[in-house]
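Quick notes on the structure that follows.
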Amino acid sequence: MKSGSTAAQIDAVKIRIESHPGLQGHLSVGAERTVIGVVGQITPEVQFEMERMSGVMEVVRISRPSKLSTREFKEENTTIVVGDAVIGGREPVVIAGPCAIESEEQLMATAKIVKEEGAQILRGGAFKPRTSPYSFRGLGVTGLKMLREASKEFNIPVVTEVMSPEDVDMVASYADILQIGTRNSQNFNLLEEVGKLRKPILLKRGFSQSYEEWLLAAEYILYGGNSQVILCERGIRTFEQYTRFTVDLAAVPVIKKLSHLPIIVDPSHSTGMWELVTPISLGSIAVGAHGIILDVHPDPTSAKCDAAQALSFDNFRNLTKRVRAVSEAILSEA
Ligand code: PEP
Ligand code: MN
């Protein structure tokens, strides 16, 4: 739309778009201009009709498969506000907590340190997607209740994974952000279901997903009308077996170029080794990530899930100090 176009003109265009069967209009209101993203097959006749409506500046085709996640659709960064955290802004956000919630004591002790160290969001898994059915698969709803308690006690928002479409509303009633794990990143029914929410979704990259496939997974959520998607690079499968996965830090600048969505990194699940979590965290911030998500445990050696990658409290304290230093050093652009 032309700058200065009126609300009535914008409404009229959106209504006209949606009067055509199969077309949807998605609004992006920026400081500079308003864009109406038309999703669906648009014929040359409809394009011509749109071009002549009052307030319309131009009709541009986005030829890439992704539409709503692209910079062409929305030039400015999407920022997502949760509690005191702004994800996608200038300051990187730290999300930390246990991989799996094991007990009230374990969660509360970790939440206390997470809050004290200035991390803005607490993580904790209650429904755990485990490679083996014999591994600890989480406390389920009991864990979610503990997570809500910890959130209240320490005044900190919480993120947790949802694994199945039937659980989405239930998990959303306990969590401030819902996580879609790497193994579900192309579970399209689940993506559609969280697209119906109006709550932030942390979308992990599938460990065999290309950037385009990952952005198309995000597109499912955006297309459902949920504009609050946070992308998370969590390592991909390569021939290298030393680390658990291979962390792809190039994903950060590439995604920032292609998309307006915030992007964070998970140094814990990508490396699988606690000694590598601090260097990869520092690297993530240095390449411009909007945040990091970390596994922290009161006693890493006894952790029921992903023990090898969990940070002790001392290591976590040391990490947050250094992350702040890097972040201050590079604070130049969002
Ligand atoms: C997690 O964050 O707890 C998790 C299981 O991550 P991923 O889906 O990236 O393996
Ligand atoms: Mn884990």
Side-chain angles (χ1 to χ4, degrees), residues 87 93-102 106-107 110 114 119 121-133 135-140 143-144 146-147 158-164 167 171 174-187 190-191 194 200-209 213-214 217-218 221 229-238 243-249 251-252 255 263-274 276-277 280-281 284 289 291-311 316:
I87 309 162
V93 165
V94 176
I95 305 173
C99 176
I101 300 160
E102 297 168 13
Q106 172 241 22
L107 181 62
T110 313
V114 165
I121 299 166
L122 176 68
R123 65 152 289 153
F127 292 93
K128 298 300 304 174
R130 301 307 301 273
T131 301
S132 161
S135 302
F136 175 61
R137 289 155 74 184
L139 296 179
L144 291 181
M146 290 177 187
L147 194 59
V158 292
V159 56
T160 196
E161 177 159 353
V162 61
M163 282 172 52
S164 67
D167 288 346
V171 175
Y174 293 98
D176 302 290
I177 304 176
L178 274 76
Q179 179 172 318
I180 304 290
T182 192
R183 292 161 187 83
N184 269 318
S185 62
Q186 287 186 307
N187 179 339
L190 180 60
L191 296 172
V194 298
I201 307 300
L202 176 53
L203 177 63
K204 297 264 191 129
R205 179 182 185 181
F207 55 64
S208 313
Q209 239 173 12
E213 289 164 336
W214 184 15
I221 304 171
V229 179
I230 304 155
L231 299 168
C232 178
E233 161 61 37
R234 52 79 66 211
I236 51 174
R237 263 248 155 108
T238 68
T243 49
R244 193 174 172 196
F245 292 90
T246 298
V247 58
D248 175 16
L249 286 188
V252 175
I255 292 293
I263 173 155
I264 68 169
V265 177
D266 183 337
S268 305
H269 288 84
S270 54
T271 65
M273 297 161 83
W274 72 266
L276 297 180
V277 170
I280 298 303
S281 295
S284 302
I292 45 177
I293 178 165
L294 307 164
D295 283 6
V296 179
H297 195 283
D299 176 23
T301 53
S302 76
K304 288 189 179 173
C305 183
D306 293 347
Q309 70 198 31
L311 292 168
F316 176 61

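Numbering of ligands and ligand atoms starts at 1, following listing order. The first residue in the sequence is number 1, and the count goes up from there. Hydrogens, waters and symmetry mates play no part in the numbers below; they use all other heavy atoms, side chains included.
- If you put the vertex on the Mn ion (ligand 2), OD2 of D306 and SG of C99 sit 110° apart, to the nearest 10°.
- Distance check, rounded to the nearest 0.5 Å: CG of L231 to CG of L202 gives 9.0 Å.
- Considering just the N/O/S atoms of H269, the one nearest the Mn ion (ligand 2) carries the name NE2.
- The line from CD1 of I180 to OG of S185 is 9.5 Å long, rounded to the nearest 0.5 Å.
- The backbone N or O of R205 sits less than 3.5 Å from a side-chain atom of T182, completing a donor-acceptor pair.
- At most 12 heavy atoms of other shown residues, nucleotides or ligands fall within 6.0 angstrom of atom CZ in R137.
- Within 4.0 Å of ligand 1, counting heavy atoms only, the contacting residues are R123, K128, E161, Q179, G181, T182, R183, K204, R234, H269.
- Note that CD of Q179 and NZ of K204 are 4.5 Å apart. Values are rounded to the nearest 0.5 Å.
- The closest donor-acceptor contact from the side chain of E102 to the backbone of K304 lies under 3.5 Å.
- One side chain, D299 or T301, offers a donor N or O that lies under 3.5 Å from an acceptor on the other.
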